[in-house]
> 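Provided herewith is a single structure, encoded as structure tokens, for subsequent inquiry.
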Amino acid sequence: VHMSGGWQGQSVVAYAKAIPDRDWIALGDLIDSAAFRARPDLVTYAIAAAFIEWTLAQPDGKTRLRALYGKLANRAPAADNRRALEDILGAKVEDLDSQLRAWLRAR
């Protein structure tokens, strides 16, 4: 979705920014494959794509995104993906989620 540049006729950022708080899916749930699949695709894919865009906008974003791509696994336990995300991006998942949401609001 990120590579396509848009989602549902809008930019990824515009779509993700418009997701109401009540529908937002925290990164801690988003990195759990079962939780991701259990939620609406229109929301999960938009947030995931916005997360990619946000990560790329960070210092050393390309390098960190490559590291994430190599470490995160679809069928891995959520705790393993959480640990990889925190190790590579250097912050707790909850803080990363807050930073992503603040970045979206500023757009």
Side-chain angles (χ1 to χ4, degrees):
V1 170
H2 170 70
M3 294 296 289
S4 73
W7 186 242
Q8 304 301 308
Q10 299 179 51
S11 74
V12 166
V13 169
Y15 192 94
K17 180 179 180 174
I19 295 171
D21 287 343
R22 71 180 178 280
D23 296 331
W24 184 263
I25 301 165
L27 288 179
D29 291 329
L30 206 64
I31 60 174
D32 177 348
S33 293
F36 184 98
R37 301 277 177 240
R39 304 297 287 273
D41 290 348
L42 291 175
V43 178
T44 56
Y45 283 95
I47 295 170
F51 172 75
I52 297 301
E53 193 159 332
W54 172 76
T55 301
L56 287 170
Q58 303 306 306
D60 209 20
K62 268 187 174 176
T63 300
R64 289 175 182 216
L65 191 57
R66 272 192 220 111
L68 284 172
Y69 186 75
K71 275 295 232 187
L72 300 178
N74 188 30
R75 292 190 178 18
D80 291 355
N81 283 338
R82 178 190 218 17
R83 195 168 21 266
L85 194 68
E86 291 177 346
D87 288 349
I88 292 166
L89 296 182
K92 294 286 184 195
V93 170
E94 295 78 12
D95 294 335
L96 295 168
D97 186 73
S98 294
Q99 292 171 27
L100 170 61
R101 294 184 81 183
W103 181 81
L104 285 170
R105 282 190 298 274
R107 302 284 155 297

> Give every residue pair that meets the side-chain hydrogen bond (donor to acceptor under 3.5 Å, both in side chains) criterion with at least one member in residues 17-36, sequence neighbours excluded.
Asp21-Arg101, Trp24-Asp97, Ser33-Asn74

> Who are the side chain to side chain contact (heavy atoms under 4.5 Å, CB included) partners of Leu56, not counting sequence neighbours?
His2, Ile52, Lys62, Leu65

> How would you list, by chain and number, every residue that makes a side chain to side chain contact (heavy atoms under 4.5 Å, CB included) with Gln58, sequence neighbours excluded?
Trp54

> Calculate, to the nearest 0.5 Å, the distance between atoms CG and CG belonging to Leu30 and Asn81 respectively.
10.5 Å

> Using the salt bridge (charged side-chain N to carboxylate O under 4.0 Å, His left out) criterion, which residues pair with Arg66? Sequence neighbours excluded.
none

> Walk me through it: do Phe51 and Leu68 pass the test side chain to side chain contact (heavy atoms under 4.5 Å, CB included)?
CA-CA 12 Å; Phe51 172 75; Leu68 284 172; 4.2 Å; yes

> What pairs with Thr63 under side-chain hydrogen bond (donor to acceptor under 3.5 Å, both in side chains), at least two apart in sequence or on another chain?
Asp60

> In Å, rounded to the nearest 0.5 Å, how long is the span from CD1 of Ile19 to CG of Leu42?
9.0 Å

> Among residues at least two apart in sequence or on other chains, which ones pass side-chain hydrogen bond (donor to acceptor under 3.5 Å, both in side chains) with Tyr45?
Arg37

> Can you name the side-chain hydrogen bond (donor to acceptor under 3.5 Å, both in side chains) partners of Arg75, sequence neighbours left out?
none

> Nearest 0.5 Å, what's the OG1-CH2 distance between Thr55 and Trp103?
9.0 Å

> Return yes if some donor-acceptor pair links the side-chain N/O of Arg39 with the main-chain N/O of Ala35 below 3.5 Å, else return no.
no

> Dump the intermediate steps for side chain to side chain contact (heavy atoms under 4.5 Å, CB included) on Phe36 and Ile25, then the final yes or no.
CA-CA 9 Å; Phe36 184 98; Ile25 301 165; over 6 Å; no

> What are the two closest non-hydrogen atoms of Ser11 and Ala14, and how far apart are they?
OG-N, 3.0 Å

> Output side-chain donor-acceptor pairs under 3.5 Å for residues 85-92, partner residues at least two apart or in another chain, one line each.
residue: Glu86; atom: OE2; partner: Val93; partner atom: N; Å: 3.0

> The criterion is side chain to side chain contact (heavy atoms under 4.5 Å, CB included); which residues satisfy it with Ala38, sequence neighbours excluded?
none

> Please report the closest heavy-atom contact between Ala50 and Val12, naming both atoms and the distance.
N-CG1, 3.4 Å

